Chemist: 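Sharing a structure here in structure tokens format.
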2 protein chains.
Amino acid sequence: MFSLDQISAFVAVAEELHFGRAAERLNMTQPPLSRQVQKLERAVGARLLERDNRRVALTDAGQAFLAEARRLLALVETASDLARRVEGGAAGTLRLGFTAVSAIRTLGPLLRRMSEELPGVDVILHERVTPAQVDGLLRGELDLGLGRPPFDSLALDSRVVFREPLCAVVPADHRLATADRALTPADFSNEQVISYSPTQARYFHELTVRFLTNVHPRIEQRVQQILTVVLLVAAGRGVALVPASARSLGVQGVVYCDLVDSTEAGPVELHAIWNRESTSPLLHRVLRLFDDPVMPSEHQ
Amino acid sequence: MFSLDQISAFVAVAEELHFGRAAERLNMTQPPLSRQVQKLERAVGARLLERDNRRVALTDAGQAFLAEARRLLALVETASDLARRVEGGAAGTLRLGFTAVSAIRTLGPLLRRMSEELPGVDVILHERVTPAQVDGLLRGELDLGLGRPPFDSLALDSRVVFREPLCAVVPADHRLATADRALTPADFSNEQVISYSPTQARYFHELTVRFLTNVHPRIEQRVQQILTVVLLVAAGRGVALVPASARSLGVQGVVYCDLVDSTEAGPVELHAIWNRESTSPLLHRVLRLFDDPVMPSEHQ
DNA sequence: TCGAGTGATACCTTTTGCGAATCATGTTTT
DNA sequence: AAAACATGATTCGCAAAAGGTATCACTCGA
């Protein structure tokens, strides 16, 4: 097999068509350069340069080989570069979990930031509910998740990336739809309330239950997805509590109402979650993006 | 810069995830293998393998670099191979000149044969009249031409690749169109005869003049292209002598008639022409294709 | 005919790479 | 808990490869 030095030597000679000048360009003397080219030709098994005592010319085989040689050298350059960029977190693949609603306010800006600041990074998206994300993070199938508490904070680390108020969603023709004030728990005392799966959407389940402590509404459904909740409300099956960003879902026939206690400090939190064990430089590079105020974090 | 040995070493270790086994696969012992990988990491500037005293694993950077390394090794293989095939004439680019009519019977089969037997060869086609082909061959712009005599046979070598009879083409409503016999020179004694440029289509010019020796037809046009001749005949401007394969041009409103003297040994020859100086292995490989009887040579 | 220019060769020195033995360290077994 | 084992890293001596200097063989132009 030939060596890369031989390739460089050949390319230099092929470009200069002169052993002396090529040697100068390679910072070496002419005799070893001649030998390198000879060895290359022996290794390749084809005459690459036609050289009589007066001039040097490429053979057809040399012409074809020159193109391959250049690609080879280019690949050598890019390979090292790629490895360094991956090590620095500027390139690679991020497997990102997210919940359907987190996508509305957070995923879009995040992906836009990444394509601007880390253009070498590919993102593979996985839509999963939080428990499934946690599972994926622990198995190493995901690098980063966007989910809701609670999760195992021994194995997983996290930070809040978005906070927003809880609000109520009611059918457009509902009596609460026209209440021009923040709703209180008592407003729901005789309502059909659509709530969440205690296991698959535990966070919203608990938020709903906590808000409605001491009131005893009829809790009807047990669904996972916020979109499903809103659609059920639109279908007149009841009222529900959802994060404020659900407004952006664009479902027709429903009205969103503020809640008391939930207007100033948003109790609904979205967390970026990752495995504490992860040493991925890319992950930490991405996490740093959340430091920047351009990221819609901490604010609605 | 790293070396190809280091790349091979890295790939082996990355695939085995074990220095001992990788060394065995590379027919070397473990210590130099460790050093090669260390040198590679230093050259690349990134940690590629995570190795504690019990196991070896690829880092993210190593994962990315492995893919590039494999491409690099594949390219090394193909580059040598390509150069050898070009040297043997099994790959490369053939710049082929041809005249418009030669294309009808010869060019198609030639290109089909080449794509079957020399699939690595690209053909660049140049439609030119014979003198322009000769010029291109002498300048080194063409590798092979398909043309008619005469040409400088000192600098150029040639062989006949196709031979066919001359025939007459007359308008469909012409009196000769219905003559159910081979025509003689005398049949043209009072005809308008369309003939060829003595310089640009000298071969057909001379064939026409020779056939009509002792007859004194009115010679009208002086055109280069056989297609033009046939179109002028179709337009009723006269009659003309053309090679038999002109039938395949598919021009409507004309009739082709055999000529005496021209039925058995075709006087119209198409030659493959090349520069005697050329050492191109590809050229000689292509010329060998004409030896094969499957090639429509010597026969109509 | 001679000198300038070019690539190839001979010979020597320096660098690089390999292999045997050994070390350091973590894991498994007793 | 200690010994045996497994595995990658290190050391050192020798051999192979690469580079440098001097020189040769040859061609071309004055």
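Convention: sequence-line order gives letters A, B, ...; per-chain numbering from 1. As the structure is a computational prediction, the values presented were derived from the model and not from experiment.
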Chemist: Give a yes or no on this: more than 12 heavy atoms of other residues, nucleotides or ligands lie within 6.0 Å of atom CD of A:Glu24.
Modeler: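 Open: at most 12 neighbouring heavy atoms sit under 6.0 Å from CD of A:Glu24.
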Chemist: Any salt bridge linking B:Arg84 with B:Asp81? Criterion: basic side-chain nitrogen under 4.0 Å from a carboxylate oxygen.
Modeler: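 Judged by the 4.0 Å cut-off on N to carboxylate O distance, B:Arg84 and B:Asp81 do form a salt bridge.
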Chemist: Whole angstroms only, please: what is the CZ-P distance between A:Arg51 and D:dC28?
Modeler: 18 Å
Chemist: In whole angstroms, how far is the P atom of D:dG20 from the CG atom of A:Leu26?
Modeler: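 The distance from CG of A:Leu26 to P of D:dG20 comes to 10 Å, rounded to the nearest Å.
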Chemist: Roughly how many Å is it from CD in B:Gln38 to P in C:dG17, rounded to a whole number?
Modeler: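 That distance rounds to 13 Å.
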Chemist: Counting just side-chain N and O atoms, does A:Ser34 come under 4.0 Å of either OP1 or OP2 of C:dA8?
Modeler: yes
Chemist: Output the rounded distance in Å from CZ (A:Arg55) to P (C:dG7).
Modeler: 12 Å
Chemist: Could you check whether A:Arg54 gets within reach of a base, just the sugar-phosphate, or nothing at all, counting any heavy atom under 4.0 Å?
Modeler: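 It contacts base atoms.
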Chemist: Considering only NZ, NE, NH1 and NH2 on the basic side and carboxylate oxygens on the acidic side, decide whether A:Glu16 and A:Arg25 come within less than 4.0 Å.
Modeler: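 Salt bridge: yes.
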Chemist: Just to confirm, is there a sub-4.0 Å distance from OP1 or OP2 of C:dG5 to any side-chain nitrogen or oxygen of A:His18?
Modeler: no
Chemist: Atom CD of B:Glu41 to atom P of D:dG8: distance rounded to whole Å?
Modeler: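 Distance, rounded to whole Å: 13 Å.
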Chemist: If you assign A:Asp52 and A:Asp5 each to the DNA chain D nucleotide with the nearest heavy atom, which residue ends up on the more 5' nucleotide?
Modeler: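 Its nucleotide being nearer the 5' end, the pick is A:Asp5.
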Chemist: Return the polar atom pairs (N/O with N/O) between nucleotides 22-26 of chain D and the protein under 3.5 Å, or none.
Modeler:
residue : atom : partner : partner atom : Å
D:dC26  : O4'  : A:Asn53 : ND2          : 3.2

Chemist: Using atom CG of A:Leu17 as one end and atom P of C:dT6 as the other, report the distance to the nearest whole Å.
Modeler: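 Atom-to-atom, A:Leu17 to C:dT6, this comes out as 13 Å.
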Chemist: State, to 0.1 Å, how close A:Ala201 and A:Gln224 come at their nearest heavy-atom pair, and which atoms those are.
Modeler: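 Scanning both residues completely, I find the closest heavy atoms to be CB-O, 3.7 Å.
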Chemist: Between A:Ser197 and A:Thr199, is there a side-chain donor-acceptor contact under 3.5 Å, judged purely by atom types and distance?
Modeler: yes
Chemist: Just the rounded figure in Å: distance from C1' of C:dA20 to CE of B:Met28.
Modeler: 14 Å
Chemist: For the aromatic rings, using the six-membered ring if either is Trp, is the centroid distance between B:His271 and B:Phe151 under 6.0 Å?
Modeler: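 Ring centres of B:Phe151 and B:His271 closer than 6.0 Å.
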Chemist: Among C:dG7, D:dA9, C:dC18, which nucleotide sits nearest the side chain of B:Pro32?
Modeler: C:dC18
Chemist: Which is true for A:Arg35 with a 4.0 Å heavy-atom rule: it touches a base, it touches only sugar-phosphate, or it touches nothing?
Modeler: base
Chemist: To the nearest Å, how far apart are A:Phe19 CZ and C:dT9 P?
Modeler: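 In whole Å, C:dT9 P and A:Phe19 CZ are 11 Å from each other.
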Chemist: Looking at C:dC18, I'd like to know if its phosphate oxygens (OP1 or OP2) sit under 4.0 Å from a side-chain N or O belonging to B:Gln36.
Modeler: yes
Chemist: Check the side chains of B:Thr59 and B:Gln63 for a donor-acceptor pair under 3.5 angstrom, ignoring hydrogens and angles.
Modeler: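 Note: B:Gln63 and B:Thr59 side chains miss the donor-acceptor criterion.
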